[in-house]
Structure formats: C-alpha cells, structure tokens
S.K.: 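One structure, as structure tokens, below. Some questions next.
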Amino acid sequence: MTMSKSMPATGRETLVIKLGGSILYRLSPQFFMSLADLMKEYSAVIVHGGGPEITNTLNRLNIETTFINGQRKTTEKVLEVAEMMLKGKVNGHLTGTLNEHGLNAVGLCGYDAGLLTASLIDRESLGLVGDIEEVNTALLTVLISEGYLPVIAPLALTKDGTKVNVNADLAAAAIAKAAGAEKLLYVTDVPGILHEGKLIPDTTAEEIKQLITDGVISGGMIPKVNSALTALSPHLKEVMITGGQQAIFKDGCILGTKIKDKGGVA
Ligand code: X2W
C-alpha cells in the first residue's frame, strides 16, 4: 500500500466501519442513534457489503455464482450485477438512510477520483477480483474534515483502468490501514463472536487461531476474523465485531467482541 498516511486533521481518532450485506436492510433505530453518538467522538468512514443482494440478483438472472475462499468468482456479467447492486442499489439505500438520520453521508465507490486502486488477484481462477493496493486518502480527508461521512462501495480500478470487485471485509481492512485508522469495526448479523450462545467480549489474535481450530469460529466468521487479523498493527490496535440490531456505542465504549493483538504488534 503506497498512499498510507494518517488522517484527518480533526484531532479525533479514525474509525472504519464495515456494514455487512446480511444486516444492511435490518439495521435498528438504536444502531443509527448510537452511530450518531459515535461520530461525536470519532471521524468515521463506512465501507459496505451487499453479497446477498448480488447473489439474489444473479440467481434471478440465472447467472452462475461461486465463491473461492470467501471471494466471489467475478466474470464480466457478474461484475455488471455487482456494480448495479453495490454502487447503485445498496450504496444509494444506505446513504439515503444515513442521511435520514442526519449523518451527512456521501456515497462513493472505489472508481471515484482514484479512491481505490487494486491489482487482480488471479484472473484465471477468480476473474475480475482485486486486492486493494492504494487508497486516495486525500479525498477521504477532505470529506471528513468538512464533516461528511464517506460511504464506500467495494469496487476498485486496476492501474490500467480495469474494473474489479473487492470483498468488503478486505476492502475495509485495507482502507483502515491506508487511512491510518485506530479502530476497525465489523457490523454483522450477530452481536460478536459467540461461544455457546454467549458473547466473547475480548480476545486476541492467538486465541482466535485456537477458536478456529476448536470450531467455535466457523463459516462466514472465519474470513471476517482473518481480515481483522490482517488489519491489526501497532497503530490499529483494536478490531471489533458487533451486531447491527443493537446499539454499537454506549457510555463511550464500542460494544461487541474486541480483538487485540497480544503484544500490540501484528
Ligand atoms: C463481494 C463484494 C460484496 C461483499 C461479493 O461479490 O459478494 C467479492 O467476493 P458482504 O455482504 O460483506 O459479503 N466481493 C470479491 O463483500 O459483501
């Protein structure tokens, strides 16, 4: 990642929030209220998913869709649908809802003003799927310092201008790293990492590996915690997983499972 620098010039910590497609249309009033409170303390950037919307539309159009290690194989036809859903429907819906709650949201996708530059991961096996290499943090800084909330759809351009689809968890981690964010929050359809129905409030990178081996963390939570682990650094000390059907911020604290690196170094 080449354009990595701290932002913005507001003197507040930066928080990148990833809103998963599984929860996007079921976010509670408490969620929006606590997001408004959170934004009094942090500068925020939102990155959203939309996987279920893309899958439903592909199914309706009888276009085959498959995942390889949590990444959707993206042909040109699949990319067209991903664009319609992510940049069109989902981004528009989310930005509109955030603005109804007075949050000053600005909808963007990685194509805008060189916001996200990616390289193709493996065109042969995955098609048009990218890994983010550069983030135009200057654009985010301008918006944030003027009080806007950037809302980013996970699409990017390669250096030669090819459009690519990007996994939203990985996009959020890359944006958080490039922007010098102190915190990264994944909002999903469960209140955090659960063990026998109970929330694990704190965990470490080391414990997470064990929880995966023991089968406590399984399915779609595995790529999510793995992106969380890649984002941890001496600067980004905390990644949190929280649910969108509850408040995510109370008494100055973000609620959910906090993941820290044991020694503070990833
Ligand atoms: C994802 C982008 C959307 C996404 C996809 O096509 O589904 C790749 O897998 P969720 O709702 O966060 O899963 N892209 C390459 O990640 O949405």
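Worth saying up front: this structure is predicted, and the values here are computed from it rather than measured. Counting starts at 1 for both ligands and their atoms, in listed order.
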S.K.: I need the atoms of ligand 1 closer than 4.0 Å to a non-hydrogen atom of N167, numbered in the order shown.
M.R.: 8 (C), 14 (N), 15 (C), 16 (O)
S.K.: Measure the distance from atom 12 (O) of ligand 1 to every protein heavy atom, then report the residue, atom name and distance (to 0.1 Å) of the closest one.
M.R.: K18 NZ, 2.6 Å
S.K.: What atoms of ligand 1 come within less than 4.0 Å of a heavy atom belonging to Q71?
M.R.: 9 (O), 15 (C)
S.K.: Taking I248's backbone N and O only, do any of them form a donor-acceptor pair with S34's side chain (distance below 3.5 Å, no angle check)?
M.R.: yes
S.K.: Quick one: which ligand 1 atoms are inside 4.0 Å of a heavy atom on G49?
M.R.: 4 (C), 10 (P), 11 (O), 12 (O), 17 (O)
S.K.: Does the T257 side chain pair with the main chain of I200, one donor and one acceptor, at a distance under 3.5 Å?
M.R.: yes
S.K.: Which residue supplies the protein heavy atom nearest to atom 14 (N) of ligand 1, what is that atom called, and how far is it?
M.R.: N165 OD1, 3.1 Å
S.K.: Side chain, backbone, both or neither: which applies to V166 and ligand 1 if a contact is any heavy-atom pair less than 4.0 Å apart?
M.R.: backbone
S.K.: Under 3.5 Å, is there a donor-acceptor pair between the E133 and S119 side chains?
M.R.: yes
S.K.: Look only at interatomic distance and state if I54 has a nitrogen or oxygen under 3.5 Å from any nitrogen or oxygen of ligand 1.
M.R.: no
S.K.: How far is atom 6 (O) of ligand 1 from its nearest protein heavy atom, and which residue and atom name does that atom have?
M.R.: R72 NE, 2.7 Å
S.K.: So, N136 side chain and A113 main chain: donor-acceptor pair closer than 3.5 Å or not?
M.R.: yes
S.K.: Taking heavy atoms and a distance under 4.0 Å, where does H48 meet ligand 1: side chain, backbone, both or neither?
M.R.: neither
S.K.: Check whether any side-chain N or O of D112 sits under 3.5 Å from a backbone N or O of L115 as a donor-acceptor pair, and report yes or no.
M.R.: no
S.K.: Among all the protein's non-hydrogen atoms, which is closest to atom 16 (O) of ligand 1, and how far away is it?
M.R.: A168 N, 2.9 Å
S.K.: Keeping S218 on the side-chain end and V216 on the backbone end, is there a donor-acceptor pair under 3.5 Å?
M.R.: no
S.K.: Does a donor on one side chain and an acceptor on the other come within less than 3.5 Å for R72 and T66?
M.R.: no
S.K.: Quick one: which of G21, G50, S22, P52 has a heavy atom closest to atom 17 (O) of ligand 1?
M.R.: G50
S.K.: So, the side chain of T158 versus the backbone of T162: is there a donor-acceptor pair under 3.5 Å, distance only?
M.R.: yes
S.K.: Please state whether T74 comes within less than 4.0 angstrom of ligand 1, counting heavy atoms only.
M.R.: no
S.K.: State, without any angle test, whether E83 and Y111 hold a side-chain donor-acceptor pair at a distance under 3.5 Å.
M.R.: yes
S.K.: With a 4.0 Å cut-off on heavy atoms, does A82 reach ligand 1?
M.R.: no
